[in-house]
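Inspection log for the structure reproduced underneath, given as structure tokens.
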Amino acid sequence: MQPGSRICVTLTERDATAAIREMERLSNMADLFEIRADYLDDPSPEPLAARKPKPLIYTLRRDGEGGRFRGSDDDRLALFARALAAGFDYIDIEDDAPWRKLSAAGRGRLIVSHHDFARTPTDLFGIYRRLRESPADVIKIATMANSLYDAARIFDLLEKASGDGRRLAALAMGPMGMATRILGPSRGAPFTYAAARAGSEAAPGQIPVQDMVDLYRVGSIDRSTAIYGLIGRPTAHSLSPRVHNAAFAELEMNAVYIPFETDSLGSFFSLNNRVGGAGFSVTIPYKAEIVRLMDALDPTAEKIGAVNTVAIREERKIGYNTDAEGFVRPLERRIALRGKRAVVLGAGGAARAAAFALLERGVEVLVLSRNRERARELALGLGANCGGLEELARHDFDLLINATPVGMFPNVDESPAPAELLAGKIVYDLVYNPPETKLLREARGAGALAISGIEMFLEQAAAQFRIWTGVEPPKEAMRRALFAPNYTNSREFK
Ligand code: NAP
């Protein structure tokens, strides 16, 4: 682990024995532990201090400070004094709490913290200046990010504090604060907070320590780490962080891939000015909107009218679309496409990329959608035929492509096409969660050649990786990461 890149795991157990067990389990991943003593049935610090495998913070938040402690201020001060005497390395007190009543010894091992669970206040610097007056060794400021502008201001604050020579653990909470949690230590924060496991988060947006260590490799991020990520909303269950981070790790590249959940593209680019990202994937709902913000477009993105990949080169934003290439590669590996007849179900972004790639390769394309008007628009623009979904049985085809979400988790018992139409066909389901959909099962059962959306997902990611790095991606490592059971979002991957 690099100096300055440190992970503090927050423990929210109800009894000391369980907290000690968690410390032992996680001591190879955590650099320090924060004991949320207000979660303990008995907040006595002594049993925990006696068994500490790493430095410890003793935190006792009141009701109304996001905590559970209901005792008086005097009770708190007495417990803080006991914690220090027992061997805790730090005590954490809210900025409006009576830290002035602490002994001189207590003040030297003090974290003074400010939380705002609703917003990132406009006078963030004012709060920092006020906390800076305290004798605290570490100042902690944790505020809710309601926009990536808020996360950008947290990075500004970290910059300011490192200029002042103060240790500031500043972070933004919520899904839009994720980048501050992952990049904070590389931008001057003395440490970043992580959850012991999914479901035990002490604050919104806290990332499980295993993800911090294995997925984001927070300990090895420094200022020269190349930053990539995903622009979208929502991003929490995207599989892209897994595959790209696995590729960087496999090739031992100093790079990280982060979900940037954002309320607007303007706030995303404002944040990116602070962190200096090198490339991004783009997902729903920004693939079309981002086109006009590009300084240049590659011809495929221009023709499809959507960007799913951005590379930043010499401060210019170049837009690409790897969905079409990602879609067609698994097909080209198996069959010669020219002259085939394909039916594409759906008329959204994935259908457009699929139809475009097929038409370019001399395939006759029929787009069928429940919304005929949308199918017509798509087909007219590209030179395909169109119709309603209910027409499927009336057409003969070689290739069936599902570009609707029908059959996707949790609706895994649905299929967009009757099994009796699938015999002898090539059936390609762009849905990748689950990897084997009902449509694909029935296709195999009917003797069809079945192709999973997983293949498209991996190929479009591999194409992004090539664009960003100029390096051939380690596809096997990427595939393995997709199915790794350990990460948080695996709960969603059935
Ligand atoms: P999209 O732009 O929202 O388009 C979805 C299309 O499906 C629309 O035409 C929509 O019709 C139609 N649709 C939605 N629900 C339907 C239903 N219950 N019955 C019939 N038609 C329905 O979404 P997208 O980005 O194209 O994605 C479509 C699917 O492809 C998703 O499952 C996505 O996960 C998958 N995908 C996979 C990859 C990959 O790498 N494998 C890449 C991109 C997308 P309306 O216009 O009437 O709503």
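All heavy atoms count here, side chains included; hydrogens, waters and symmetry mates do not.
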Measuring centre to centre across the rings, with the benzene-like ring taken for any Trp, is [X] within less than 6.0 Å of [Y]?
X	Y	answer
Phe248	Tyr228	yes
Tyr193	Phe191	yes
Phe280	Phe268	yes

Among Thr120, Ile127, Leu124, Thr180, which residue meets the side-chain contact (heavy atoms from CB on, under 4.5 Å) test with Leu157?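 Output: one option passes, namely Leu124.
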Going by an N to O cut-off under 4.0 Å, is there a salt bridge joining [X] and [Y]?
X	Y	answer
Glu455	Arg479	no
Asp263	Arg233	no
Arg352	Asp323	no
Asp156	Arg274	yes
Arg61	Asp38	no
Arg36	Glu22	no
Glu159	Arg187	no

Under 30°, 30 to 60°, or over 60°: which ring-plane class applies to His244 and Trp468, parallel, tilted or perpendicular?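 Taking Trp468 first and then His244, their aromatic rings sit tilted (interplane angle of 30° to 60°).
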Ignoring hydrogens and angles, state whether a donor on the side chain of [X] or [Y] is under 3.5 Å from an acceptor on the partner side chain.
X	Y	result
Ser267	Thr262	yes
His114	Glu94	no
Asn254	Thr225	yes
Ser270	Asn273	no

Under the 6.0 Å and 45° cation-pi test, does Lys160 pair with Phe155?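 No - Lys160 does not lie over the ring of Phe155 by the 6.0 Å and 45° rule.
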Check Phe117 against Gly66 and note the closest heavy-atom contact, atom names and distance.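 Scanning both residues completely, I find the closest heavy atoms to be CE1-CA, 3.9 Å.
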On a heavy-atom basis, which atom in Ala246 and which in Ala481 lie closest, and how many Å separate them?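 The pair with the smallest heavy-atom distance is CB-CB, 3.4 Å.
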Report yes or no: does [X] contribute a side-chain atom to a donor-acceptor pair with the main-chain N or O of [Y] at less than 3.5 Å?
X	Y	answer
Asn321	Ala306	yes
Ser72	Asp75	yes
Asn272	Gly277	yes
Arg68	Tyr39	no
Lys438	Ser415	no
Asn411	Glu414	no

Going by heavy atoms in the side chains, are Arg167 and Asp137 under 4.5 Å from each other?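 They are in contact (side-chain heavy atoms under 4.5 Å apart), so the answer is yes.
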Do Met294 and Lys317 make a side-chain contact, defined as non-hydrogen atoms from C-beta onward lying under 4.5 Å apart?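 Yes; the side chains approach each other to less than 4.5 Å.
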Begin from the C-alpha positions of Asp89 and Arg109 and carry the test salt bridge (charged side-chain N to carboxylate O under 4.0 Å, His left out) through to its verdict. CA-CA 7 Å; Asp89 301 84; Arg109 285 146 69 189; over 6 Å; no
List the steps, then state whether salt bridge (charged side-chain N to carboxylate O under 4.0 Å, His left out) holds for Lys52 with Glu46. CA-CA 10 Å; Lys52 68 173 186 183; Glu46 293 80 6; over 6 Å; no
Decide yes or no on salt bridge (charged side-chain N to carboxylate O under 4.0 Å, His left out) for Arg132 and Asp164, but give the supporting numbers first. CA-CA 10 Å; Arg132 200 175 51 182; Asp164 288 353; 2.9 Å; yes
Value rounded to 0.5 Å, distance of CD1 in Ile207 from OG1 in Thr192: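 Nearest 0.5 Å value for the CD1-OG1 distance: 7.0 Å.
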Yes or no on salt bridge (charged side-chain N to carboxylate O under 4.0 Å, His left out) for Arg21 and Glu13, after CA distance, side-chain angles and deciding distance? CA-CA 10 Å; Arg21 231 186 358 253; Glu13 316 305 318; over 6 Å; no
